[in-house]
Each structure stands twice: as C-alpha cells, then as structure tokens.
Amino acid sequence: MKIADKYVPGDIEGKWYDYWISGGYFHSEPDSRPAYTVVIPPPNVTGMLHMGHMLNNTLQDVMVRRARMSGMNACWVPGTDHASIATEAKVVAKLKEQGIEKSSLTREEFLKHAWQWKEEHGGIILKQLRRLGASCDWDRTAFTMDEIRSASVIRVFVDLYNKGLIYRGVRMVNWDPAAQTALSDEEVVFRETHSKLYYLRYNLIEGDGYLVVATTRPETILGDVALCVNPNDPRYKHVVGHAVRVPLVGRTIPVIADEYVDMEFGTGVLKVTPAHDVNDYMIGEKYNLEVIDIFNPDGTINGKVGMYEGMDRFAVRKQIEQDLAEAGLLDRTEAYTNNVGFSERTHVPIEPKLSMQWFLKMGELAGPALDAVMNDDIKFVPAKFKNTYRHWMENIKDWCISRQLWWGHRIPAWYLPEGGYVVAETVDEALELARKKGGEGLQLSDLRQDEDVLDTWFSSWLWPISLFDGIMNPGNPEIKYYYPTNDLVTAPDIIFFWVARMIMAGCEYMHEKPFRSVYFTGIVRDKLGRKMSKSLGNSPDPLDLIDRYGADGVRVAMLLCSAAGNDIMFDEAMCEQGRNFGNKIWNAFRLVNSWNIDENKEQEESSRLAVEWFGNLLDRTLVQVDADFASYRISDALMTIYKLFWDEFSGWYLEMVKPAYGSPIDGKTLAQTKMFFDKLLKMLHPFMPFVTEELWHGLKERADDESITISDMPVGGSYDENLLARFELVKETVTAIRNIRQQKNIPNKEQLKLKVICDENFCEVYNPVLVKMANLSEVECVSEKDPAAPSFIVKTTEYFVPLEGMVDVETELRKLNDELTYLEGFLASVMKKLSNERFVANAPQKVVETEYAKRNDAEAKIKAIRERIAALK
RNA sequence: GGGAGUAUAGCUCAGCUGGUUCAGAGCAUCUGCCUUACAAGCAGAGGGUCCGGGGUUCGAAUCCCUGUGCUCCCACCA
C-alpha cells in the first residue's frame, strides 16, 4: 500500500472506521475465549460529546482494544440513557418555542413529541463517539427505554414491591418547582448562598411583649403553626405555653418547648413550619401540629391563607419584608451566609415539600454491596474512593424513586375506585389482582394507573444486567458469558447515583458483582484549573479538536495527563504533542519504507548489534507496559511506549541500521526492522488506532479481512539486563563525542578518531556502533593517556579524541577541576557514611556494599582526573 | 461542622516496602543545526529549600507530629 508523504490525520481516519465496521471486528458473540466486557456509562440520549466523554471513552477504548488483541473476546456495549428530567425539560422548552404548553397536552400527545425529539436528536453522541474511534459493538446498542430495558425495569419494580422493599408514603421530599417533580437526595446540590437573616416580631396575645424569631425565609410565616424554644432557656421559660400572633397573618399559635432548639442560634426561638422544613416537620409530628402547605407545585403561593396568592416565592419574600417593616414587625435584618439546596438539573432552589411518593428501602440492599467493595471483590481505582463509598453506604437513606414527569418508565401501580392499589407488570395482571381485592365486577376502565414515572437511575442501575437481558431472561447464554463485566470507567461524581446502585442491583439480581473493577477518572478542567462548562465557554468542542489534530492526537492528549482519580488539567498544547507523535510514527515508517533491499548483502555488525539490543529493549518494555496496565497506569503505559518509539527506536535504532545514502539495506536487517515496526504499531494501536492501522497496512500486503484491531498483541519475553546496561554506556560515549564536536565546532561529516584506555567497563564488541553513530575512523585501545586530546570518562573508562591543535588547555583544566571538586565532595559524603560505625553495623549488607563500590569508583575517577590535570600542566 | 485527598523543575505529573532509578519524566525554555524520514524535526544544555517547622532513624521527598495553602465528599442548625 502506498503511504502519503505527509501525515494528515483527517485523510485516513474516516476510511478505517468504515473498514472496521464492515469487517465486523467490534462485534462480539459468546465463544470459547474468555470474555472481556465493558458497558458504556450511557450518555444522555440527546446529549452532545464533551471533554469528559472524550476522556472516559478514550480510556475505555484503550482497555477494550488491548483486551481484544490479547486473546479475549472483547465486548463493549454502547447505549444511551433517557435522562428523564433533562430530556423532558428540553422537550418542554422546544414545545414552548413552538407556542405549545405542556399543560395543554395529554400524556400521550406529549410522549409522542418526546419520542419524535428522541428520534431526531437522539444518538448523535453515539455517532460522535465513532469519530473518536470507539470500538463499540454497535449491533448491541441499547436505550434505557427500549423494549427489553423497559420490561426489565417494570419487572424489578414489581419484584421489589412484592418483596416489601418498595413502599408508598407521604414524606418530606426535595421538590423542584421548575421541573415540578420530587428529586432524590443525590439530585440536590448545596451551594453557599448569601442571603439575609430576618428578625421577626411575634406579639404575645396576653400583654404587650413579643418574641423575636430569626429566619431566612420570612415568606414561610404563612405556614407557621407554632414557635419553639429550648425548655432549658431561662430567657423564655415564662412564655412556654403562651400564645403569639403570627405577624401579618394574624393566626394565633402556641409557644412550645423542645430540646431540638439551639439556644445559641439567632434569638433561640424557632418558628415551626411543618410543611416547608424537614426538621419542623419532625417537630410537628411530635407535637401533633397542623401542616399548612402554602405553595403550589410551581413555587407560587396557593390560596390556603388568602394572602399573596399566585405570587412567586421570591417575590413574596421581598414583599413580605416590606410589609413587615411597614407594620413594625420587622425587628432588623442582617447579612447571612448559608447552604441552600439547588436542583442538579434545573438549578433552581429546592423546596422541601410534603408529598406522596414511592420509596425503595435501601438498608438490606446495601449490606452485600458494601462488603463487595470493602473486601476488594470489586476493585476501586484509585482505592481512596472506598472511603467515600463506605460512608455513603453506611448512612444510606431510602431512595425516592417516583418523579412527577411523563418521560420515563411509568410506575406499574393501578388504583382501585374504592381506594387501594395493585402493582403488576401488565394491566391485565393488575386487573386480575384488582378483582381479587375489590370484587369480580371490576373492569379495565375502573383502574387508574399511577401518573408518575421512575427515577432515571432506576433503569441505569440495572444496565450491566439488562444489556444482556439478564432480568427478563435470567441464566441466558449471554448473561452467563458476559457477566460480570470487567472494567467500569466512570467519573466519581456518579459513584452514588450509579456505581453503588449497580452493585446493589447486581448483588440482588445476579448474586454477583456487576464488574470486577471501577476506574474513576478525574474531572476535566482547563489549564487554569477551572471546571469546563458551557457557561464559562472554556470547553473546547471535541469534534473541532479532532478536526484539527486527528482523533489519535486528541486521544494521546487526553491520556498523557490522566492519572486515575486526579482531575486533569487539559491544555490544547497536549493535542499538538499527540499529533506530533503521530507525525513521528508516520515519518519513521516512510524512512523504513524507502529502503531498497539487497538480498545478497551481508548484515553489518553494527546492524546486528542494533537488532540484538532493540530486541531486548522491546521485551523489557513489553513487560513494563503489562505491569502498567495491570495497575491501571494507562498514562504511564503510553509514555513508556512513546519514549520507546521516539527516543530508542527512531533516535537510536533506526540511525544505527540506516544504510548509507543511496545504498541498499541487507534483507535480514530490513526484515527484523519491519518485525519491530509491526510490534510497535500493535503496542500503539490501543492508544492511536487510526494511524497504526494505516501504517500496519503499509507494512506489507494484507488480505481483505486483515486488521490490526484483531491482530495479536506482542508479549514480553526474557531479556538481558546486562546487555541493556552496557548499551547505555555506548550511548553515553556517543553523546560525549557529540558534545566534543559541538564544543569544537567540528561538522558531523568529519571523521574522528577515538582512543580508549580499555578497562572492565569498556566493551569493544560495540565498536562498530560507536564508529557508525559518532562517525569515527577507528577506535583504538591504548594504554597511555593523550594529554593533548580532549577527553571524557564514561563510568570508569577514559576516552580521548585526538584533534590536531584543538585542545584548549584553559577550558579543559577548568572542566576537569569542576569535575574533581564534585567528585571529592561526593567521595567525602560516602566516606562519612562508611566511617559511621552505626551505619556499617545497622544498614543491610547490600547497602553497605554499594557504598564501598561507590567509594572505589569515585577514587578511581579522581585518580584519573588528577593524572590528566598533571599531564595537561 | 465532620471526613478524605493533595503540595516535588516554569507547566502537568512519576517517585510503590525509608538506602544507586533519589532528586526523575514529558512538555516548555535556552544554545547550535535546513545532517539525504520528520523544523510537527535533529544534537546539546540549564533549571528544584521535594510547602514551612519540629521529631523518629546510622540514613527521610518517603514514616510521625504540627502549621499553612489548594481540592473534593458528606452534613437540616432556623
């Protein structure tokens, strides 16, 4: 295959993705190989690809591609999430643009619009993932509201209900007045808010005294039913049992006493509003107080009290402040900072509200799920998240699973005309149950299905099971083969929403963990450390980056700065580095590809040595990379290969085997070089799938169904550590000679002579390499120093580069003296250790021995330098 | 208010069980080079109070205490 002269990522990437798809390389069916399964954290169906997705999916793809090449049956299942609140909000907004109010539509009409929206905008994100190179099994693409997944959700709901784990009840919930639905505790985010503390006067009914109450929410006086003080508070003992008048409202309410009240806070008097505060609700229950709900679902005031009706909660606050002041009932206000809960989705302040909701008891489910993580049956990477997980699991609260929305899985509960309800998977079953409960005469039309849908996470928590139909069809061959999955890659902010709940569902429905390990990525930030967000406008468009740097380049960029669990500071410059690396690989290929072969030519000794060395180095690197992957150090693995390719292979190996300009290369060396190239491409492929596939096809003729994606990942073998160490000395020698060239301004073309005082650290076997890499005419073993020649020492070996009249004695002496000073200091520190009896006595034998070795080396070097200085003088 | 993490070169980060991998890597910077694959490159070089202060030890970037900075999670104080 012909390779273009210039590396232009855009020109090759699309082509290969199509090739992979038509070859079916990403499709998986159960077979005799071990399975390697990854389920994608399903993105919102109408979402757009952002940098977080890029990081997350690049990591998954690297792991999946590597597994696929390592003899495993890799299966990466993609899909999308219906994202109840987010999607419904988008559809409502869209309809509003068209002049349609949600309230004017029936449920069926609205859902029709929603599905239409989903068909139009849904799954764009999955197409975008293809640009990235994600090797998902697209034949398995799922959606949390498709047939199997929906049926699974309903079955699990009915099952949990029948087990007594799901119940319905009136509770104080987090109410989102914008979406007009209840939220789970996890969907509420607390933010520090600057507000005011209002001090209100409650006049006593008897006499003309008053009590002052501090509150942040004066509008809730409409729902006040009592004042409460601490029974031990001497200031207020005399008023307990008396009555006061609610400011403006005029209602008479009692003053009660309860130790819950903190005497230190505010004035030590608490107003009790059971409908609009969780703690007040508990006090209300305890003292059997009335509950006055003053809000409509949208956060406006209702007609119960007959004041401020229809006004928004925040407008009322302002109005009431003014009215209180005018009535002389506002004692004072002061600035105050407190934490206010906001809706994670709609970003409006949450209203604690009493309402009838469905809940799932979590206590029993949490036990086994906690154990699985704490005993490392499920491995968290990094492990620090185990703490977070444990804390949440040990303090878990019941999960509010109902949402007052239409887009989602409708709760399979049907109400009977005479009260009561039944829970069943289908309406027919419901009718059957209903007849048993409420009489044989009941008809379908008598049943009324619950209006609410389930929390989105109530479907996602089944994802690793429902993707393989393990709920509806337990024990089927697919679930048996693919479950438990291997690695889950996700962000730590959904550890409770998703990870914890999947583990609970796995333990409950499979009696087995859903995945073997969880890799937590960091949050992608910009280079200033700010979270990337739409509103800041600091998030680059991933597709734009791909257009400019290629998917391979962006993938490398993401990975280079992504230690697990650490936030990643994304800098576009990293993309440039990634693209440059692709370019490097490309050009190395072009060089190898340009060589003409002469089958009759003997292999040069320098080439033979180069092949021997690089083969060992490759083995060592493969072992290293294996270890990196085993401990999820993906970024390190890439850097290891990066340096292997750029520095060792391109910088050293290729230069060593490169034939002289215009001459051909021997067959043996070329074959071995191409073999190395093949292995390097395979090692790089999980990280940079496109450029490696292109060049792999360029390496030799391939059959139509061949692809690097399904080739075998090379495995590391044994290697000669000593050989590698010796070679490092050769490289040091070459570098030293290059330095002399640079200092003396000697062009590379000019050949130099090298004299060596051979000792045990000099290995003349490598002379051919020295000759080639440093452009030497000869390497001569001598016993006499050459005071007239520039010299250097590698380890303990002295080298001289004879140059006619080019020695600058001054500079040479200064250099030598500098080195001498350093070595003498070094020796002194070693001697200090060795003369310390306690060190010699207490330190391990090995450590002491290395100190002696250091001393001997240093002494030898010092001696050599002294001699040289003497000779120069 | 409770808990966790983190602080190492200009930047992003390695440094695992204290000791030749102990002060490292990549990028950036500086100095030479259009050397016949690559200037998206090649050859070199410089750069650090390992956050401050104590301690343990023969020996501390590493362990302990303490202070400071940053980050995150959890929590109803009106």
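So you know, we letter chains A, B, ... as the sequences are listed, proteins then strands, and number each from 1.
Both distances falling under 3.5 Å, in either a Watson-Crick or a G-U wobble arrangement, place B:rA4 opposite B:rU71. A 3.5 Å limit on both hydrogen-bonding distances identifies no Watson-Crick or G-U partner for B:rA14. Summarising the base pairing, B:rC38 is matched to no nucleotide, lacking a Watson-Crick or G-U wobble pair whose two defining distances lie under 3.5 Å. Pairing of B:rC50, defined by two Watson-Crick or G-U wobble distances under 3.5 Å, is not identified with any nucleotide. Base pairing of B:rG44: its partner is B:rC30, meeting the Watson-Crick or G-U wobble criterion (both donor-acceptor distances under 3.5 Å).
Note: A:Phe589 and A:Phe677 have perpendicular aromatic rings, judged against thresholds of 30 and 60 degrees for the angle between ring planes. A tilted orientation is assigned to the rings of A:Tyr7 and A:Trp586, their planes being inclined by 30° to 60°.
Nearest nucleotide to the side chain of A:Asn580, out of B:rA4, B:rA40, B:rC58: B:rA40. Closest to the side chain of A:Tyr642, out of B:rG26, B:rA40, B:rG44, is B:rG26. Minimum atom distance to the side chain of A:Ser650 is reached by B:rA37, of the listed B:rA25, B:rA40, B:rA37.
Of the inter-residue distances, the one linking A:Phe687 atom CZ with A:Thr692 atom OG1 reads 11.0 Å to the nearest 0.5 angstrom.
Salt bridge absent: A:Arg741 and A:Glu750 never bring a charged side-chain N and a carboxylate O closer than 4.0 Å. Between A:Glu334 and A:Lys196 no salt bridge is recorded (no basic side-chain N to carboxylate O distance below 4.0 Å). Salt-bridge check for A:Lys854 with A:Glu849: failed, with every basic side-chain N at 4.0 Å or more from each acidic carboxylate O.
Side-chain N/O atoms of A:Thr337 and A:His194 include a donor and acceptor closer than 3.5 Å. Between the side chains of A:Tyr549 and A:Glu572, at least one donor N or O lies within less than 3.5 Å of an accepting N or O.
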Its contact letters, B for base, S for sugar-phosphate only and - for none at protein heavy atoms under 4.0 Å, make nucleotides 69-78 of chain B read --SSSSBBBB
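At the heavy-atom level, A:Gln577 lies under 4.0 Å from the strands shown only through sugar-phosphate atoms. Across all strands shown, A:Asn739 has heavy atoms under 4.0 Å from sugar-phosphate atoms exclusively, and none from any base. The residue A:Trp595 sits apart from the nucleic acid: no heavy atom pair falls under 4.0 Å. Within the 4.0 angstrom heavy-atom criterion, base atoms lie near A:Pro844. Looking at heavy-atom distances under 4.0 Å, A:Lys386 makes no contact with the nucleic acid at all. If you check every strand for non-hydrogen atoms under 4.0 Å, A:Arg579 touches a base. Counting any heavy atom pair closer than 4.0 Å across all strands shown, A:Lys643 reaches sugar-phosphate atoms only and no base atom.
One interatomic measurement links the two molecules: CG of A:Asn836 to C1' of B:rG59, which rounds to 9 Å at whole-angstrom precision. As a whole-Å value, the separation of A:Met773 CE from B:rC42 P is 13 Å. Between the P atom of B:rA37 and the CZ atom of A:Phe649 lies a distance of 15 Å, rounded to the nearest Å. When rounded to the nearest whole Å, the span between CG of A:Asn587 and C1' of B:rA40 equals 9 Å. Atom CE of A:Met639 is separated from atom P of B:rG26 by 7 Å (rounded to the nearest Å). A:Met831 has its CE atom 17 Å from the C1' atom of B:rG59, to the nearest Å. As a whole-Å value, the separation of A:Arg741 CZ from B:rG44 P is 12 Å. Across the protein-nucleic acid pair, A:Leu638 atom CG and B:rU12 atom P stand 19 Å apart, rounded to whole Å.
B:rG26 and B:rU17 are spaced 27 Å apart, taking the C1' atom of each and rounding to whole Å. Atom name P, nucleotides B:rC65 and B:rG18: the rounded distance is 16 Å, in whole Å. Taking the P atoms as reference points, B:rA61 lies 16 Å from B:rU21, given to the whole Å. Spacing of P atoms, B:rC33 relative to B:rG24, comes out at 30 Å, to the nearest Å. B:rC77 sits 28 Å from B:rG5 when the C1' atoms are compared, rounded to a whole Å. Across B:rC11 and B:rG3, the matching C1' atoms stand 31 Å from one another, rounded to whole Å. Taking atom P on both B:rC63 and B:rC50, the two are 16 Å apart, rounded to the nearest angstrom. Using P as the reference atom, B:rA4 and B:rG47 are 40 Å apart when rounded to the nearest Å.
One finds a side-chain N or O of A:Thr735 lying less than 4.0 angstrom from the OP1 or OP2 phosphate oxygen of B:rG44. One finds a side-chain N or O of A:Arg633 lying less than 4.0 angstrom from the OP1 or OP2 phosphate oxygen of B:rG15.
In this structure, A:Phe520 has its ring center under 6.0 Å from that of A:Phe385. With ring centers used as reference points, A:Phe676 lies under 6.0 Å from A:Tyr653.
Checked by distance alone, A:Glu655 brings a side-chain donor or acceptor within 3.5 Å of a matching partner on the base of B:rA37.
Applying the 90° criterion around 0 to the glycosidic angle, B:rU49 comes out anti.
Taking for each of A:Cys561 and A:Lys658 the nucleotide of RNA chain B with the nearest heavy atom, the 5'-most of the two is the partner of A:Cys561.
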